[in-house]
Amino acid sequence: VLVILLASSVSVPQSATAASVVAFDAVVPAPASASPSAGVTYQITSSTAVYSDAPEVGDQLARQLRRSTGYPIPIVTTPPAGGITLRLGSVSGGDEAYQLDVTASAITVLANRPAGLFNGVQTLRQLLPYAADSATVQPGPWPVPGGRIVDQPRYPYRGAMLDVARHFFSVAAVERYIDQIALYKLNYLHLHLSDDQGWRIVIDSWPRLATYGGSTAVGGDPGGYYTKAQYQEIVSYATSRNITIIPEIDMPGHTNAALASYAELNCDGVAPPLYTGTEVGFSSLCTSKEITYTFVDQVLGELAAITPGPYLHLGGDEASSTQPADYKTFMNRAQDIAAAHGKTVIGWHDVVNATPLPTTIAQYWGTTQRNTAVATAGRKVIMSPASRAYLDMKYNRRTPLGQTWAGTIEVRDAYGWDPGAYLTGLPPSQVMGVEGPLWTETIRTSADIEYMAFPRLPALAELAWSPYSTHDWTAFKQRLGAQGPRWRVMGVNYYHSTQIAWP
Ligand code: TNX
């Protein structure tokens with residue numbers, strides 16, 4: 001019975017029958033509204049052409065289709081009769097909204113902005129047979145189910161975080177992750193660029209941060225850092241996939257790599273050794289020295305200059321080696337410095353213990369649903385509750401990677417909460433969105449990243465994108481399962497959770 005149910009709604013790539021049409025209910029995150037046209041399918045053929053009002057979005061779609069279908073898929077300068085048209089126009093729902101129409105004769109995506117066209121194309125990708133995500137030419141056919149999807153995000157912030165400090169990840173590895181998360185309409189990638197174990201970005205006025213502070217990683221693994229040009233390459237790669245990079249320099253704690261690089265940043269003037277363990281809370285910038293603020297100003301200034309996005313993340317978490325009064329003084333000055341460089345501050349929710357600027361955003365990482373200080377701070381909040389959203393938590397006790405301090409998180413736990421109602425007393429209107437952080441004390445390769453992020457990150461993406469009225473575990477696990485064959489085609493090393501009936 002199970003097999004029959006799955007076969008009726010999910011395609012099998014090898015099969016060329018009508019059953020290989022992907023169903024509308026295979027899309028993650030669930031669209032705000034979807035109306036299939038029974039019996040109608042569009043076929044991508046050797047004569048299909050693409051027109052786009054957003055050239056980059058059209059190029060990306062055409063490139064992918066050429067790769068897997070082997071068809072020429074030309075880009076044309078007027079909307080092709082019978083082809084794929086990506087048009088700017090007017091839809092309700094803002095910059096990221098789109099409308100996708102699939103008839104027997106044409107595919108049309110309509111959006112207010114290129115971001116909406118990009119999102120519509122991600123939905124279209126998921127409506128194509130899995131083989132369309134292949135890097136090599138596949139036999140086809142290439143049917144797309146007919147109907148209309150009218151879609152817009154629940155939250156403006158849908159993020160992932162990658163800790164490149166505990167372990168360093170190459171530009172190629174970061175771009176690979178960007179490709180994977182873009183398919184689920186995430187629009188922010190937060191890079192945790194500094195911590196006790198490593199400093200990962202060149203700062204010209206403090207060169208030893210990267211060359212010395214970036215020279216190692218957890219367990220003595222190889223370090224590394226991004227040059228400014230490499231960082232900018234990541235930023236532009238992300239931008240063309242509707243993803244804004246948020247750089248984090250964690251302070252005043254989590255700073256051993258900086259303290260080891262420059263003796264003058266330490267209150268006692270003595271540089272500690274580099275650190276490759278996994279303890280937290282032992283390091284602090286010297287909040288009483290003026291040079292500390294020169295350092296913060298120059299670091300944030302150089303980073304702001306290469307970061308087109310509006311946000312700088314100042315960390316601020318677990319500063320247990322900083323006196324509370326000193327923490328407040330320091331974080332208040334650091335926020336002013338970031339603002340002077342034209343950026344809006346994000347901090348881990350500990351930032352509410354300072355005086356958050358009216359615009360400062362708190363990222364909630366607690367393990368309980370009660371945190372009065374955060375709920376009543378009157379600030380926007382990004383929801384990353386550790387017991388639901390932390391991608392470095394193990395799925396279960398047997399998971400080979402990850403940690404358990406916030407519990408174990410199976411797929412159903414990652415999906416089974418409402419970001420708008422999670423933190424007691426926080427007005428729903430203050431919730432800006434959801435982020436899935438991936439700390440990398442135990443994570444060393446792209447395969448490790450993928451194992452922890454998939455399938456939990458798509459679950460978080462659905463919480464962030466889909467109206468809560470669509471929230472339904474039974475329907476979700478079916479949609480999520482439908483991603484499995486796609487991940488196999490894409491080479492994504494996902495965790496085969498037994499909660500999901502993978503086709
Ligand atoms: C806590 S949560 C941290 C990180 C660790 C993580 C491991 C937070 C803001 N800080 O420094 O990497 O736990 O799960």
S.K.: Is the backbone N or O of A32 less than 3.5 Å from a side-chain atom of D151, with the two atoms forming a donor-acceptor pair by type?
M.R.: yes

S.K.: Would a line drawn from the ring center of Y262 to the ring center of W206 be shorter than 6.0 Å?
M.R.: yes

S.K.: Is L314 close to I249 at the side-chain level, that is, under 4.5 Å between some pair of heavy atoms?
M.R.: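 In short, these two side chains do not touch, never coming nearer than 4.5 Å.
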
S.K.: Let's go through E450 and R176 carefully: what are the C-alpha distance in whole Å and the side-chain angles of both, what is the deciding distance for salt bridge (Lys or Arg N to Asp or Glu O under 4.0 Å) to 0.1 Å, and is it a yes or a no?
M.R.: CA-CA 10 Å; E450 292 158 19; R176 180 177 168 89; 2.6 Å; yes

S.K.: Using the rule side chain to side chain contact (heavy atoms under 4.5 Å, CB included), only one of T69, V22, V144 pairs with L128; which is it?
M.R.: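 Only one of T69, V22, V144 forms a side chain to side chain contact (heavy atoms under 4.5 Å, CB included) with L128, namely V144.
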
S.K.: If you count heavy atoms of other groups shown closer than 6.0 angstrom to CZ of R488, is the number above 12?
M.R.: yes

S.K.: Just say parallel, tilted or perpendicular for the rings of W405 and W365, cut-offs at 30° and 60°.
M.R.: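 Rings of W405 and W365: perpendicular, as their planes differ by over 60°.
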
S.K.: Look only at the side chain of E462 and the backbone of A459, and say whether a donor-acceptor pair between them is shorter than 3.5 Å.
M.R.: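 Absent.
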
S.K.: Give a yes or no answer on whether the side chain of K343 reaches the backbone of T307 with a donor-acceptor pair at less than 3.5 Å.
M.R.: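 Flag set: sc K343 to bb T307 pair under 3.5 Å.
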
S.K.: Could you verify whether a donor N or O on one side chain and an acceptor N or O on the other, from D196 and S283, lie under 3.5 Å apart?
M.R.: yes

S.K.: Under the 3.5 angstrom rule, does the side chain of H313 hit a backbone N or O of I246 as a donor-acceptor pair?
M.R.: no

S.K.: Verify side-chain contact (heavy atoms from CB on, under 4.5 Å) between I361 and Y157, making sure each step is shown before the conclusion.
M.R.: CA-CA 11 Å; I361 297 155; Y157 189 99; over 6 Å; no

S.K.: Measure centre to centre between the rings of Y275 and F282, then say whether the value is under 6.0 Å.
M.R.: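 Between Y275 and F282, the centre distance is under 6.0 Å.
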
S.K.: Pick from D59, L61, L65: which one makes a side chain to side chain contact (heavy atoms under 4.5 Å, CB included) with R63?
M.R.: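 Of the listed options, the one satisfying the test is D59.
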
S.K.: Working to the nearest 0.5 angstrom, can you tell me the gap between F330 CZ and Q335 CD?
M.R.: 10.5 Å

S.K.: Would you mind reporting whether M161 and L191 have side-chain heavy atoms less than 4.5 Å apart?
M.R.: no

S.K.: Would you say the side-chain atoms of R200 pair up with the backbone N or O of V164, donor to acceptor, closer than 3.5 Å?
M.R.: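 Checking the backbone N and O of V164 against the side chain of R200, a donor-acceptor pair under 3.5 Å is found.
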
S.K.: Working to the nearest 0.5 Å, report the span between CG of D448 and CG of N493.
M.R.: 8.0 Å

S.K.: Using atom types as modelled and distance alone, determine if a side-chain donor or acceptor of R379 lies under 3.5 Å from a backbone N or O of A377.
M.R.: yes

S.K.: Under the side-chain hydrogen bond (donor to acceptor under 3.5 Å, both in side chains) criterion, do Q363 and H349 qualify, and how do the steps go?
M.R.: CA-CA 5 Å; Q363 183 169 5; H349 74 248; over 6 Å; no

S.K.: Can you label the angle between the W439 ring and the H192 ring as parallel, tilted or perpendicular, going by 30° and 60°?
M.R.: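 Answer is perpendicular, since the angle exceeds 60°.
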
S.K.: Checking T440 side chain against H167 main chain: does a donor-acceptor pair fall under 3.5 Å?
M.R.: yes

S.K.: Do F476 and H471 have ring centroids that are under 6.0 Å from one another?
M.R.: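 For H471 and F476, the ring centres are not under 6.0 Å apart.
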
S.K.: Does a side-chain heavy-atom distance below 4.5 Å link V218 with Q197?
M.R.: yes

S.K.: Hey, mind stepping through Y237 and D179 against side-chain hydrogen bond (donor to acceptor under 3.5 Å, both in side chains) and telling me if it holds?
M.R.: CA-CA 9 Å; Y237 192 90; D179 280 338; 2.8 Å; yes

S.K.: Test: salt bridge (Lys or Arg N to Asp or Glu O under 4.0 Å). Region: residues 153-163. Which pairs qualify, not counting sequence neighbours?
M.R.: E96-R158, R154-D418, D163-R166

S.K.: Would you compute the distance between atom CD1 of I245 and atom OG1 of T239 and round it to the nearest 0.5 angstrom?
M.R.: 7.5 Å

S.K.: Atom CD in E441, atom CD in E279: separation rounded to 0.5 Å?
M.R.: 10.5 Å

S.K.: Report the distance from atom OH of Y177 to atom CD1 of I234, rounding to the nearest 0.5 Å.
M.R.: 14.0 Å

S.K.: Okay, side chain of T408, backbone of T404: is any donor-acceptor separation there less than 3.5 Å?
M.R.: no

S.K.: Check N266 against A271 and note the closest heavy-atom contact, atom names and distance.
M.R.: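 Reported closest heavy-atom pair: ND2-CA, 3.8 Å.
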
S.K.: Side chains of R125 and Q64: donor-acceptor distance under 3.5 Å anywhere?
M.R.: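 Indeed, the side chains of R125 and Q64 share at least one donor-acceptor pair under 3.5 Å.
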
S.K.: Please test S68 against S134 for side-chain hydrogen bond (donor to acceptor under 3.5 Å, both in side chains), starting from the C-alpha separation and ending with a verdict.
M.R.: CA-CA 5 Å; S68 52; S134 172; over 6 Å; no

S.K.: For the residue pair E175 and E233, establish whether any side-chain heavy-atom pair is separated by less than 4.5 Å.
M.R.: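 Counting from C-beta outward, E175 and E233 do come under 4.5 Å.
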
S.K.: Taking all atoms of both residues into account, what is the closest heavy-atom pair of S194 and W199, and its distance?
M.R.: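 Scanning both residues, the minimum pair turns out to be CB-CE3, 3.6 Å.
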
S.K.: With under 30° as parallel and over 60° as perpendicular, where do the rings of W502 and Y494 fit, or are they tilted in between?
M.R.: tilted

S.K.: Could you tell me whether the side chain of L480 reaches within less than 4.5 Å of the side chain of P458, counting heavy atoms only?
M.R.: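 Result yes, sub-4.5 Å side-chain heavy-atom pair found.
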
S.K.: What I'd like to find out is whether the side chain of R67 reaches to under 4.5 Å of the side chain of T136, using heavy atoms alone.
M.R.: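 Contact flag for R67/T136 side chains = no.
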
S.K.: Any carboxylate oxygen within less than 4.0 angstrom of a Lys/Arg side-chain nitrogen, looking at R479 and D25?
M.R.: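 Salt bridge: no.
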
S.K.: Aromatic ring centroids of Y188 and H190 under 6.0 Å?
M.R.: no

S.K.: State whether a side-chain donor-acceptor pair under 3.5 Å links W465 with N119.
M.R.: no

S.K.: Would you tell me whether S284 and T322 have side-chain atoms, one donor and one acceptor, within less than 3.5 Å of each other?
M.R.: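 Note: S284 and T322 side chains meet the donor-acceptor criterion.
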
S.K.: Please report the closest heavy-atom contact between A30 and P467, naming both atoms and the distance.
M.R.: O-CD, 4.5 Å

S.K.: Could K228 and E302 be called an ion pair, given the rule that one side-chain N must be under 4.0 Å from one carboxylate O?
M.R.: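 A salt bridge is present here (some side-chain N lies under 4.0 Å from a carboxylate O).
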
S.K.: Do you know which two heavy atoms are closest between T276 and T216, and how far apart they sit?
M.R.: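 So the two residues come closest at CG2-OG1, 3.3 Å.
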
S.K.: Verify, without hydrogens or angle tests, whether S497 (side chain) and V411 (backbone) share a donor-acceptor contact under 3.5 angstrom.
M.R.: no

S.K.: Check whether any side-chain heavy atom of F295 lies under 4.5 Å from a side-chain heavy atom of L265, and answer yes or no.
M.R.: yes

S.K.: Just wondering, do L426 and V431 contact through their side chains at under 4.5 Å, heavy atoms?
M.R.: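 In contact.
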
S.K.: Given Y495, which of W487, Y395, F454 fulfils the ring-ring contact (aromatic ring centres under 6.0 Å, His included) condition?
M.R.: Y395

S.K.: Step through it carefully: locate the ring centre of Y364, locate the ring centre of Y422, and say whether they are under 6.0 Å apart.
M.R.: no

S.K.: Roughly how far, to the nearest 0.5 Å, is the OG1 atom of T360 from the CD1 atom of I346?
M.R.: 9.5 Å

S.K.: Cation-pi between R208 and Y212: NZ/CZ under 6.0 Å from ring centre and within 45° of the ring axis?
M.R.: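 Relative to the ring axis of Y212, which defines the angle, R208 lies inside both limits.
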
S.K.: If you take all heavy atoms of T399 and K394, which pair is closest and at what distance?
M.R.: O-NZ, 2.6 Å

S.K.: If I compare all heavy atoms of T211 with all of S215, which pair ends up nearest, and what's the gap?
M.R.: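 Between these two residues, the closest heavy atoms are O-CB, 3.7 Å.
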
S.K.: Using the side chain to side chain contact (heavy atoms under 4.5 Å, CB included) rule, pick out the option among V109, V28, L183, V27 that qualifies with T123.
M.R.: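 Only one of V109, V28, L183, V27 forms a side chain to side chain contact (heavy atoms under 4.5 Å, CB included) with T123, namely V27.
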
S.K.: Do the side chain of Q122 and the main chain of F118 share a donor and acceptor less than 3.5 angstrom apart?
M.R.: yes

